[in-house]
Peer 1: 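Let me begin by handing over the structure; questions about it come next.
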Amino acid sequence: DGLVKKVNNWLEDPDKLNTGYGLKVRRSREVDMNSPLAIAIQQGTLTSDISDIKKEFLSFPEQRKVRLIDALTRQEYALHDLGVGISQLTPVVITALMQSTKMLVVEQPELHIHPQVQVGLGDLFASQIKERDSLFLIETHSEHLILRLLRRIREAYEGEPVPEELRISHNDISIIYVENNETGVSLTPIGVDETGEFTARWPKGFFDERAEELF
């Protein structure tokens, strides 16, 4: 229940991911129709011995189903009933917030989600770095996610009034540019200084494209 509350805080809060959905866990027990309990119910011969009924009921395994609740309509959905973005995002949020998570490896968590949610992911990862010293290995093409991390570094350096859990430093992140070449794959570290600025240019532009399109 505590984890569900934390997940919903991130999914629903307008200052965080603001997805418009909340998480709900449905608990149920599947009763064997050939069991004495089910037969007694069908035949109307259920005894008044509540302890026996409870004992048999609890012997059936508990099942849990994760549902998403629309914040406006309160309509309930299965993960696969919604778009790819929210169905892919939800497991990432859950795993990032689990106390047992020491390392999370995820490929392109930004796929099919709004830019506002992408920057919110940056805050999610930053908060868990601070709270539990978790390690996140993220393969991403999201400029928005990286820019949010740089912003939090800059805000912490300049002493701006931001939540303590989002005050990260340049020592908390490592950015590596990966590309193919004639001999295989090359890895190029992209340094970040204490003010949240890149210390080297990106290979083949990347962030430069924004400036070219705008100016």
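In this text, all values refer to a predicted model and were calculated from it rather than measured experimentally. All values below come from the heavy atoms of this structure, side chains included, with hydrogens, waters and symmetry mates left out. One is the number of the first residue; the rest follow in order along the sequence.
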Peer 1: So with a 6.0 Å cut-off around CZ of R26, is the heavy-atom count from everything else above 12?
Peer 2: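 No - once you tally the heavy atoms of other residues, nucleotides and ligands closer than 6.0 Å, there are 12 at most.
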Peer 1: Taking V117 as the starting point, is it possible to reach W10 by hopping between hydrophobic residues whose side chains are less than 4.5 Å apart?
Peer 2: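 W10 and V117: one cluster.
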Peer 1: Specify the closest pair of heavy atoms between E110 and E139, including all atoms of both residues, with the distance to one decimal.
Peer 2: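 Heavy atoms of E110 and E139 come nearest at OE1-O, 4.5 Å.
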Peer 1: Strictly by side-chain hydrogen bond (donor to acceptor under 3.5 Å, both in side chains), give each pair with a member in residues 148-164 just once, sequence neighbours left out.
Peer 2: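 Passing the test, one end in residues 148-164: D123-R148, D123-R152, R151-E155, R152-E155.
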Peer 1: In sequence, state the C-alpha distance, the side-chain angles, and the governing distance for L111 and V84, and then conclude on side chain to side chain contact (heavy atoms under 4.5 Å, CB included).
Peer 2: CA-CA 8 Å; L111 283 184; V84 176; over 6 Å; no
Peer 1: Checking side chain to side chain contact (heavy atoms under 4.5 Å, CB included) for the pair L121/I113: CA distance, chi angles, key distance, verdict?
Peer 2: CA-CA 10 Å; L121 272 177; I113 60 175; 3.8 Å; yes
Peer 1: Any side-chain to backbone donor/acceptor pair from N9 onto E12? Under 3.5 Å, distance only.
Peer 2: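 Between the backbone of E12 and the side chain of N9 there is no qualifying donor-acceptor contact (under 3.5 Å).
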Peer 1: So if you build clusters from Ile, Leu, Val, Met, Phe, Trp, Tyr with side-chain heavy-atom gaps below 4.5 Å, do I173 and I146 land together?
Peer 2: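 Per the 4.5 Å side-chain linkage, I173 and I146 are co-clustered.
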Peer 1: Please enumerate all residues that pass side-chain contact (heavy atoms from CB on, under 4.5 Å) together with T90, with sequence neighbours excluded.
Peer 2: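 Testing T90 for side-chain contact (heavy atoms from CB on, under 4.5 Å), a comparison that skips the adjacent residues, returns L23, L68, L79, I86, I94.
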Peer 1: Between P109 and I138, is any pair of side-chain heavy atoms under 4.5 Å apart?
Peer 2: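 In short, these two side chains touch, coming nearer than 4.5 Å.
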Peer 1: Whether E131 and K6 form a salt bridge (side-chain N of Lys/Arg under 4.0 Å from carboxylate O of Asp/Glu) is what I want to check.
Peer 2: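 Judged by the 4.0 Å cut-off on N to carboxylate O distance, K6 and E131 do form a salt bridge.
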Peer 1: Could you pull out all residues at least two apart from S174 that satisfy side chain to side chain donor-acceptor pair (under 3.5 Å)?
Peer 2: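 With sequence neighbours excluded, S174 shows a side chain to side chain donor-acceptor pair (under 3.5 Å) to no residue whatsoever.
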Peer 1: Could you check whether any side-chain heavy atom of V106 comes within less than 4.5 Å of a side-chain heavy atom of T140, counting everything from C-beta outward?
Peer 2: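 No, side chains not in contact.
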Peer 1: Starting from I176 and following side-chain heavy-atom contacts under 4.5 Å between hydrophobic residues (I, L, V, M, F, W, Y), which residues can be reached?
Peer 2: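 Members besides I176, by chain and number: V178, V185, L187.
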Peer 1: Tell me who clusters with M103, hydrophobic residues only, linked when side chains sit under 4.5 Å apart either directly or through other members.
Peer 2: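 Via sub-4.5 Å side-chain contacts, M103 links to V105, L135, L137.
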Peer 1: Which pair of non-hydrogen atoms, one from R132 and one from M98, has the smallest distance, and what is that distance?
Peer 2: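 Looking at all heavy atoms of both residues, the shortest contact is NH2-O, 2.8 Å.
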Peer 1: Please report the shortest heavy-atom distance between H144 and Q118, naming the atom on each side.
Peer 2: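 H144 and Q118 have their closest heavy atoms at CD2-OE1, 3.4 Å.
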Peer 1: Listed by chain and number, what are the side chain to side chain donor-acceptor pair (under 3.5 Å) partners of Q88, not counting sequence neighbours?
Peer 2: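 Once residues adjacent in sequence are excluded, Q88 has no partner under the side chain to side chain donor-acceptor pair (under 3.5 Å) criterion.
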Peer 1: In the single-linkage hydrophobic clustering (I, L, V, M, F, W, Y; side-chain heavy atoms under 4.5 Å), do L17 and V66 co-cluster?
Peer 2: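 Same cluster: L17 reaches V66 through Ile, Leu, Val, Met, Phe, Trp or Tyr contacts under 4.5 Å.
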Peer 1: Under the salt bridge (Lys or Arg N to Asp or Glu O under 4.0 Å) rule, collect the residues that match up with R74, sequence neighbours excluded.
Peer 2: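 R74: no salt bridge (Lys or Arg N to Asp or Glu O under 4.0 Å) contacts found.
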Peer 1: Is there a path of hydrophobic side-chain contacts, each under 4.5 Å between heavy atoms, that joins V119 and L147?
Peer 2: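 Different clusters.
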Peer 1: Could you pull out all residues at least two apart from P163 that satisfy side-chain contact (heavy atoms from CB on, under 4.5 Å)?
Peer 2: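 Only E165, L166 meet the side-chain contact (heavy atoms from CB on, under 4.5 Å) criterion with P163.
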Peer 1: How close do V192 and I153 get, counting heavy atoms only, and between which atoms?
Peer 2: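 It is CG1-CD1, 4.1 Å.
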Peer 1: Restricting to pairs with a member in residues 60-112, which pass ring-ring contact (aromatic ring centres under 6.0 Å, His included), not counting sequence neighbours?
Peer 2: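 Pairs touching residues 60-112 that pass the test: none.
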Peer 1: If the condition is side-chain contact (heavy atoms from CB on, under 4.5 Å), which residues does S169 pass it with, not counting sequence neighbours?
Peer 2: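 For S169, the residues satisfying side-chain contact (heavy atoms from CB on, under 4.5 Å) (neighbours in sequence not counted) are N171, D172.
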Peer 1: How long is the gap from CD on E76 to CG on D70, to the nearest 0.5 Å?
Peer 2: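 Spacing of CD (E76) from CG (D70) equals 11.5 Å.
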Peer 1: Under 3.5 Å, side chain of S134 to main-chain N/O of T101, donor-acceptor pair present?
Peer 2: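 Looks like yes, one N/O pair under 3.5 Å.
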Peer 1: Can you give me the closest heavy-atom contact between A96 and Q128, atom names plus distance?
Peer 2: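 It is O-CG, 3.5 Å.
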Peer 1: Provide the full list of side-chain hydrogen bond (donor to acceptor under 3.5 Å, both in side chains) pairs with a residue in residues 14-23, sequence neighbours left out, each pair given once.
Peer 2: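 Residue pairs passing side-chain hydrogen bond (donor to acceptor under 3.5 Å, both in side chains), neighbours aside: none found.
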Peer 1: Nearest heavy-atom pair of S186 and N181: which atoms, and what distance?
Peer 2: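 Closest pair (atom of S186, atom of N181, distance): CB-ND2, 3.2 Å.
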Peer 1: Using a 3.5 Å distance criterion without hydrogens, assess whether the side chain of Q108 forms a donor-acceptor pair with backbone atoms of H141.
Peer 2: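 A pair under 3.5 Å: no.
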Peer 1: So, using ring pair (Phe, Tyr, Trp, His ring centres under 6.0 Å) as the criterion, who are the partners of F136 when residues are at least two apart?
Peer 2: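 By the ring pair (Phe, Tyr, Trp, His ring centres under 6.0 Å) rule, F136 matches F125.
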